[in-house]
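Worksheet: one structure, shown below.
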Amino acid sequence: QQQQQQQKQQQRRRVKSIPTTHIQKDMSNQATTALCRWICTELVTYKKLLSVADNLSYDEIQTSFRELDDRCGFSVDTVCGTKWEYRNVKQQKRVFDMPW
């Protein structure tokens, strides 16, 4: 059992040691933009969560918004909107239109 715990700790360390910049470089700007468009609903939710975070200052929140827009290659508010309604998720993502 102790050996299993050690293995789990080693796996956690490996995951934590992956640099974010390496992951970001693996996707082209075009692929990143396409992904951002696909997860618009999640991005709107993410922005709402940031807006109500008690542990972030106004400047930190605005910086996060700008970084998200820069990473996606477009203004998330403009492309994805600012409203999110739980019941519209399947419709917005067109889950039933998937090719698989």
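Predicted, not measured: the structure shown is a model, and the values here were computed from it.
Considering OG1 of Thr32 and CZ of Arg37, their distance stands at 12.5 Å, rounded to 0.5 Å. Taking CZ of Phe74 as the start and CG of Leu68 as the end, the distance is 8.0 Å to the nearest 0.5 Å. Here the OG atom belonging to Ser64 is positioned 6.5 Å from the CG atom belonging to Leu56, to the nearest 0.5 angstrom. The line from OG1 of Thr33 to CH2 of Trp38 is 16.0 Å long, rounded to the nearest 0.5 Å.
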Do Val76 and Cys36 pass the side-chain contact (heavy atoms from CB on, under 4.5 Å) test, and can you show the C-alpha distance, the side-chain angles, and the key distance before you say yes or no?
CA-CA 8 Å; Val76 173; Cys36 286; over 6 Å; no
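Among residues two or more places apart in sequence or in another chain, the side-chain hydrogen bond (donor to acceptor under 3.5 Å, both in side chains) test is passed with Thr63 by Arg66.
Among pairs with a residue in residues 49-63, none fulfils salt bridge (charged side-chain N to carboxylate O under 4.0 Å, His left out), at least two apart in sequence or across chains.
Surrounding CG of Asn29 are at most 12 heavy atoms belonging to other residues, nucleotides or ligands under 6.0 Å away.
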I'd like a table of donor-acceptor pairs (distance under 3.5 Å, sequence neighbours excluded) in which one partner is a side-chain atom from residues 44-53, with atom names and distances.
{"residue": "Thr45", "atom": "OG1", "partner": "Thr41", "partner atom": "O", "Å": "3.0"}
{"residue": "Lys47", "atom": "NZ", "partner": "Asp77", "partner atom": "OD1", "Å": "2.9"}
{"residue": "Lys47", "atom": "NZ", "partner": "Asp77", "partner atom": "OD2", "Å": "3.4"}
{"residue": "Lys48", "atom": "NZ", "partner": "Thr82", "partner atom": "O", "Å": "2.9"}
{"residue": "Ser51", "atom": "OG", "partner": "Lys47", "partner atom": "O", "Å": "2.9"}

